[in-house]
Chemist: 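My questions all concern the structure below.
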There are 2 protein chains.
Amino acid sequence: MTPIDRSSLHAEVVSRLRAAIVDGELAPGARVNERELCERFGVSRTPLREALKVMASEGLVVLLPNRGARVATLTRADIENTFKVMACLEALSGELACARITDEEIAELRALHYEMLAQHARRDLPAYYRLNERIHHMILMASGNPVLIATHAGLALRIRRARYVADMPHGWWDQAVREHERILDALTRRDGAAIAVLLRQHLERKIDLMARSADDVPETSTAA
Amino acid sequence: MTPIDRSSLHAEVVSRLRAAIVDGELAPGARVNERELCERFGVSRTPLREALKVMASEGLVVLLPNRGARVATLTRADIENTFKVMACLEALSGELACARITDEEIAELRALHYEMLAQHARRDLPAYYRLNERIHHMILMASGNPVLIATHAGLALRIRRARYVADMPHGWWDQAVREHERILDALTRRDGAAIAVLLRQHLERKIDLMARSADDVPETSTAA
DNA sequence: AAAGCGCATTTTGCATGCAAAACTTGTTTG
DNA sequence: CAAACAAGTTTTGCATGCAAAATGCGCTTT
């Protein structure tokens, strides 16, 4: 139990709750018990409830009037819809990044790319995912558009739980690596139009693959 | 003063606060006084503070630790960044809508379009804006992607304050109307690729025009 | 034995209370 | 005269208390 900074308890609680939900510690659909979490975090109900309201506006929990909060569940459709929007946002980020990114940043991206290739060679999927995420994130940052970055982050948060559970078909991994190479090439050429198309396709393909292997809880609804 | 539904006070307060900010009743950068708003809404500080946290996560207010809340200010860059993302989202909405929209919905869109032309002929700019917004909103709804709709709505909220203040140069209006006609045509043809490009251009042009005429408060920062 | 009903317990939602931080203002000091 | 300081006031942040709604459970009724 880390002692909590008293000047912004609610922010701390939001962070911890987010972590608990994203890490799957709080199962999707599970009812959130205020008292239980209060004891767990060592705070009173006021900051916890403030945090829950924020999480609800982020879409991580669902508030049922007079009936408490539940961890939001993701249907297959939710994931697909979210991913479609993210694909569009990442395409935009690539486009904007082409106009702003420095040679040094591209060099760093290339380095990350090779590290990713290394993990691919080792068949270390989790390490690959982490590098993959860092690369996409770095392109996003290079877009220089804070609204874009924040919007993407908000969506990514909601589906992170589901993002890496899907078991991908054989050959997917090699294909993804090839796509990444083309993306990096387009970025090096500062070809905004090309990178937008490539990023969009790269992620749309992921949607297709996930759609085939997603088996989720039914609905985000009341669940009597 | 409408009596407030006691079962979800915080939600009511969020609505009212949002309205007050979006309508400009609470000026950008203005400090938000809890006690004052409590009296105004006839609620205690608890639901008000919950509402403020939500508004902060929506980006309508900025929370300063131990120093209260201020109405978020929009820099020119904020507006441009937001609009770029919205342009991308609307382009996606048009693309998705092409695959789902019914003939009846297209007929209704065409009707709205003609109503908009009528307001254009009358030079009734506010009425034109309302119809313009209804048309874009209807295309968004036709996308059938709730995540896309919600994300767009969240961004639209933040810049609604600034959206219609810019005084546009001469000839802009006629140009916008022509663009709308081409958008509607593409939708009728169900040409997703075309409508995506058209919507994106339509909104990117608006960004350009707004950038020329925006004169705002300086920064979202502390403002001593 | 299954369905319906009523009471006790739990949980939620909001109001209030209290300590700490920040702002004000009048005064002092170099 | 300007800058710095200090006490009083206000404001913020969190904990707690209380009423209403929801939930659980044993009982009755058929």
Side-chain angles (χ1 to χ4, degrees), chain A residues 1-18 20-21 26-27 29-58 60-72 220-224, chain B residues 1-18 20-21 26-27 29-58 60-72 220-224:
Chain A
M1 272 290 169
T2 317
I4 287 181
D5 172 16
R6 310 296 295 183
S7 81
S8 57
L9 248 188
H10 59 270
E12 265 290 330
V13 174
V14 167
S15 297
R16 292 211 190 181
L17 254 182
R18 259 207 287 253
I21 291 177
L26 266 56
R31 183 156 176 188
V32 177
N33 188 295
E34 287 186 7
R35 193 171 314 279
E36 184 187 328
L37 285 177
C38 284
E39 288 174 13
R40 174 167 166 186
F41 293 147
V43 303
S44 81
R45 288 175 56 217
T46 304
L48 185 84
R49 288 172 55 77
E50 289 174 353
L52 281 176
K53 301 286 185 298
V54 171
M55 313 273 297
S57 91
E58 285 177 357
L60 283 177
V61 306
V62 178
L63 259 39
L64 283 44
N66 282 318
R67 301 181 62 191
R70 307 185 88 92
V71 179
T220 254
S221 63
T222 52
Chain B
M1 274 293 169
T2 316
I4 288 180
D5 172 17
R6 310 296 294 182
S7 80
S8 59
L9 247 189
H10 59 272
E12 266 290 329
V13 174
V14 167
S15 296
R16 292 212 191 181
L17 255 183
R18 258 208 288 254
I21 291 178
L26 266 56
R31 185 156 175 188
V32 177
N33 187 295
E34 287 186 6
R35 194 171 313 278
E36 185 187 328
L37 285 177
C38 284
E39 290 175 11
R40 176 168 165 183
F41 293 148
V43 303
S44 82
R45 287 174 55 217
T46 305
L48 186 83
R49 287 172 56 78
E50 289 174 353
L52 281 176
K53 301 284 184 299
V54 172
M55 313 274 295
S57 90
E58 287 177 354
L60 284 177
V61 305
V62 179
L63 259 40
L64 282 51
N66 282 317
R67 300 181 62 190
R70 308 185 86 92
V71 178
T220 257
S221 64
T222 51

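Every value quoted in this text rests on a predicted model; they were computed, and no experiment measured them. The sequence lines fix the lettering, A, B, ..., with proteins before strands; numbering per chain opens at 1. These values consider heavy atoms only, across backbone and side chains, with no hydrogens, waters or symmetry-generated copies.
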Chemist: Over how many whole Å does the gap from B:R35 atom CZ to D:dT10 atom P extend?
Modeler: 9 Å
Chemist: Check the interface with nucleotides 18-24 of chain D: list each N/O to N/O pair with the protein under 3.5 Å, or write none.
Modeler:
residue : atom : partner : partner atom : Å
D:dT23  : OP1  : A:R67   : NE           : 2.9
D:dT23  : OP1  : A:R67   : NH2          : 3.2

Chemist: Using every non-hydrogen atom in the two residues, find where A:A20 and A:R40 come nearest and quote the distance to one decimal.
Modeler: CB-NH2, 4.1 Å
Chemist: In whole angstroms, how far is the C1' atom of C:dA15 from the CG atom of B:L9?
Modeler: 11 Å
Chemist: For A:S57, enumerate each residue passing the side-chain hydrogen bond (donor to acceptor under 3.5 Å, both in side chains) test, keeping only those at least two apart in sequence or located in another chain.
Modeler: B:S57
Chemist: Is B:H10 near enough to C:dG13 that one of its side-chain N or O atoms lies under 4.0 angstrom from OP1 or OP2?
Modeler: no
Chemist: Atom CG of B:L48 and atom C1' of D:dG13: how far apart are they, to the nearest Å?
Modeler: 14 Å
Chemist: Compare every heavy atom of A:R70 with every heavy atom of A:G29, then report the nearest pair and how far apart it is.
Modeler: O-NE, 3.2 Å
Chemist: For B:R18 and B:E58: C-alpha separation, side-chain torsions, deciding distance, then whether side-chain contact (heavy atoms from CB on, under 4.5 Å) applies.
Modeler: CA-CA 10 Å; B:R18 258 208 288 254; B:E58 287 177 354; 2.4 Å; yes
Chemist: Quick one: are B:L17 and B:F41 in side-chain contact, heavy atoms under 4.5 Å?
Modeler: yes
Chemist: Atom CD of B:E50 and atom C1' of C:dA15: how far apart are they, to the nearest Å?
Modeler: 12 Å
Chemist: Taking all non-hydrogen atoms of both residues, which atom of B:M55 and which atom of B:V14 are closest, and how far apart?
Modeler: SD-O, 3.9 Å
Chemist: Check the distance between C:dC23's C1' and B:R70's CZ and give it to me in whole angstrom.
Modeler: 13 Å
Chemist: Give me the bend of the helix from C:dA1-D:dT30 to C:dG30-D:dC1, using the axes of the five pairs at each end, rounded to 10°.
Modeler: 10°
Chemist: Quick one: A:E34 CD to D:dA15 P, roughly how many Å, whole number?
Modeler: 13 Å
Chemist: When you measure from the side chain of B:S44, which nucleotide among C:dT11, D:dA15, C:dC14 comes out closest?
Modeler: C:dC14
Chemist: Looking at every non-hydrogen atom in both residues, tell me the closest pair between A:L63 and A:L52 and how far apart they are.
Modeler: CD1-O, 4.2 Å
Chemist: Taking only N and O in the side chain of A:T46, is any of them less than 4.0 Å away from OP1 or OP2 of D:dC14?
Modeler: no
Chemist: By nearest atom, which of the nucleotides D:dA15, D:dC14, D:dT11 is closest to the B:R49 side chain?
Modeler: D:dC14
Chemist: From CG of B:L63 over to C1' of C:dA22, roughly how many Å is that when rounded to an integer?
Modeler: 16 Å
Chemist: Over all heavy atoms of both residues, which pair between B:H10 and B:A51 is shortest? Give the atoms and the distance, please.
Modeler: O-CB, 4.1 Å
Chemist: Do A:E50 and B:K53 have side-chain heavy atoms sitting under 4.5 Å apart?
Modeler: yes
Chemist: Tell me the interatomic distance from A:N33, atom CG, to C:dG13, atom C1', rounded to whole angstroms.
Modeler: 15 Å
